[in-house]
Amino acid sequence: DQNQQSLSVEHDLSDGKLVSITARSDWDMNPNLLDLDLSLFPAATSSIEQDQSIWSQELRIENNEDPDMGWNLGLFYADEEVEGKATRFFLTGLPNPWHQDTQVTSYVLETENLAVFGSFYKALSDQDVVSLGLRYDEFENSIVRNKTSQLAAPVALNKESDSGIFSPSLAWDRTVSETLKVGAGISFSGKRNGFSAFSDADTNASYGKEEITSFDLGFTYRPSENW
């Protein structure tokens, strides 16, 4: 099940516009059932219950009414929580009373994201427009995880981490004719670090930050006003 709500408010300023966007999302998986051994006999099964909720708030000031020059500046905040429980049952093949095991993993993953961003575009001529974008994200992540088993001692994990991602972008657009536009761009971004709730080893429970470089080259062709 999933439900989403958002509220957008705009207010005209003397030199631009103030925009506020508040959003909420809730996603519930209750439960996800899986037959691990793919047989008619339930020798190994898995059940995962998970609830994910996200709140976000964006505030930005923008001035983009002029086709020759425009800009925007803004702040963004998001708070995400993932809470779940995974239950796995399987036969071990060992003699009684160790012939079966039920493992239960309960976890809470939390992420806070604070970002500042801005963009600027300017017409260099009647045909060419250059735009520059900058964004910086700061992330704080945490995991609280507990695993129990009938055949092993409980395992607890409680860790925190943080990371920052700087994302610049540069783009160029050229109007070749009334029917044809071309453009090119380059951007640098990344994916935050974080934690996985489904790793028994402490060293494998966390994953690092990723870096992404993107190149864009394209065109827009509109042969007539009916397209």
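Numbering starts at 1 and runs along the sequence shown.
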When you compare the side chain of Asn64 with that of Tyr121, does any pair of heavy atoms fall below 4.5 Å?
yes
With heavy-atom distances below 4.5 Å as the criterion, would you say the side chains of Leu36 and Arg88 are in contact?
yes
Which heavy atom of Pro223 sits nearest a heavy atom of Thr179, and at what distance?
O-CG2, 4.0 Å
Close side-chain approach of Arg192 to Thr111, heavy-atom, < 4.5 Å
yes
Report yes if some heavy atom in the side chain of Leu151 is under 4.5 Å from a heavy atom in the side chain of Thr92; otherwise report no.
yes
Return yes when atom CZ of Phe166 has more than 12 non-hydrogen atoms of other residues, nucleotides or ligands closer than 6.0 Å, and no otherwise.
yes
Can you tell me how far apart CG (Asp173) and OG (Ser131) are? Round to the nearest 0.5 Å.
6.5 Å
Salt-bridge contact Arg174-Asp128 (side-chain N to carboxylate O under 4.0 Å)
yes
Are Val129 and Ile186 joined in one hydrophobic group, where the rule is that I, L, V, M, F, W and Y side chains link up if heavy atoms are under 4.5 Å apart?
no
Write down the atom of Ser196, the atom of Tyr207, and the distance for their closest heavy-atom approach.
N-CE2, 4.3 Å
Above 12 or not: heavy atoms from other molecules or residues under 6.0 Å from CH2 of Trp55?
no
First locate atom CG of Asp15, then atom CG of Asn63, and finally report the distance between them rounded to the nearest 0.5 Å.
5.0 Å
Nearest heavy-atom approach of Ile143 to Phe195 is CG2-CG, 3.5 Å
So for atom CE, which belongs to Met69, do other residues, nucleotides or ligands contribute more than 12 heavy atoms lying within a distance under 6.0 Å?
no
Just do the side-chain contact (heavy atoms from CB on, under 4.5 Å) check on Asp37 and Asp35 with the steps written out, would you?
CA-CA 6 Å; Asp37 64 340; Asp35 183 4; 2.5 Å; yes
Take Lys17 and His11 through the side-chain contact (heavy atoms from CB on, under 4.5 Å) test and state the conclusion after the steps.
CA-CA 6 Å; Lys17 180 169 59 177; His11 177 69; over 6 Å; no
Would Ser53 and Asp26 count as a side chain to side chain donor-acceptor pair (under 3.5 Å) here? Give the steps.
CA-CA 4 Å; Ser53 61; Asp26 185 80; 4.8 Å; no
Euclidean distance, Asn141 CG relative to Ser206 OG, rounded to 0.5 Å
10.5 Å
Nearest heavy atoms of Glu138 and Gly164, plus distance in Å
OE1-CA, 3.9 Å
Using the ring pair (Phe, Tyr, Trp, His ring centres under 6.0 Å) criterion, which residues pair with Phe198? Sequence neighbours excluded.
Tyr107
Using every non-hydrogen atom in the two residues, find where Ala184 and Leu217 come nearest and quote the distance to one decimal.
CB-CD1, 3.9 Å
Kindly indicate, with the supporting measurements, whether the criterion side chain to side chain donor-acceptor pair (under 3.5 Å) is fulfilled by Glu80 and Gln52.
CA-CA 7 Å; Glu80 177 183 3; Gln52 177 180 4; 2.6 Å; yes
Roughly how far apart are Ser106 OG and Lys85 NZ, rounded to 0.5 Å?
8.5 Å
Is the cationic atom of Arg135 (NZ for Lys, CZ for Arg) positioned less than 6.0 Å from the six-membered ring centroid of Phe76 and within 45 degrees of its normal?
yes
Just checking Gln5: does its CD atom have more than 12 heavy atoms from other residues, nucleotides or ligands closer to it than 6.0 angstrom?
yes
Ile61-Tyr136 co-clustered via ILVMFWY side chain contacts under 4.5 Å:
no
Looking only at side chains, do Thr22 and Gln57 share a donor and an acceptor under 3.5 Å apart?
yes
Hey, any chance Leu13 and Leu73 share a hydrophobic cluster, counting ILVMFWY side chains that come within less than 4.5 Å of each other, even indirectly?
yes
Roughly how far apart are Ser187 OG and Asp216 CG, rounded to 0.5 Å?
6.0 Å
Do Phe139 and Ile165 have side chains that get closer than 4.5 Å, going by heavy atoms?
yes
Out of curiosity, Gln100 CD to Phe89 CZ, how far, rounded to the nearest 0.5 Å?
4.0 Å
Flag yes if Leu38 and Phe90 sit in one hydrophobic cluster, no otherwise; membership is Ile, Leu, Val, Met, Phe, Trp, Tyr, and two members link when side-chain heavy atoms are under 4.5 Å apart.
no
Within a reach of under 6.0 Å around NZ of Lys191, are more than 12 heavy atoms found that belong to other residues, nucleotides or ligands?
no
Give a yes or no on this: more than 12 heavy atoms of other residues, nucleotides or ligands lie within 6.0 Å of atom CD of Glu65.
no
Does Val19 form a side-chain contact (heavy atoms from CB on, under 4.5 Å) with Val9? I'd like the steps, not just the answer.
CA-CA 6 Å; Val19 180; Val9 179; over 6 Å; no
If you look at every heavy atom in Gly208 and Asn193, which pair is closest and at what distance?
C-CB, 3.7 Å
For side chain to side chain donor-acceptor pair (under 3.5 Å), just list the numbers for Asp137 and Asn113, CA-CA rounded to whole Å, side-chain angles, deciding distance to a tenth of an Å, and then say yes or no.
CA-CA 7 Å; Asp137 288 85; Asn113 173 206; 3.2 Å; yes
Regarding Arg60 and Glu58, does a basic nitrogen lie under 4.0 Å from an acidic carboxylate oxygen?
yes
Within the structure provided, determine whether Asn3 and Arg24 are in side-chain contact (heavy-atom separation under 4.5 Å).
yes
Taking Gln150 for the side chain and Thr102 for the main chain, is one N or O donor matched with an acceptor at less than 3.5 Å?
yes
Do Glu112 and Tyr77 come close enough that some side-chain heavy atom pair is under 4.5 Å?
yes
According to a 4.5 Å side-chain heavy-atom criterion applied to Ile, Leu, Val, Met, Phe, Trp and Tyr, with indirect links allowed, do Ile48 and Val82 form part of one hydrophobic cluster?
yes
Is there side-chain contact between Leu180 and Thr175, with heavy atoms separated by less than 4.5 Å?
no
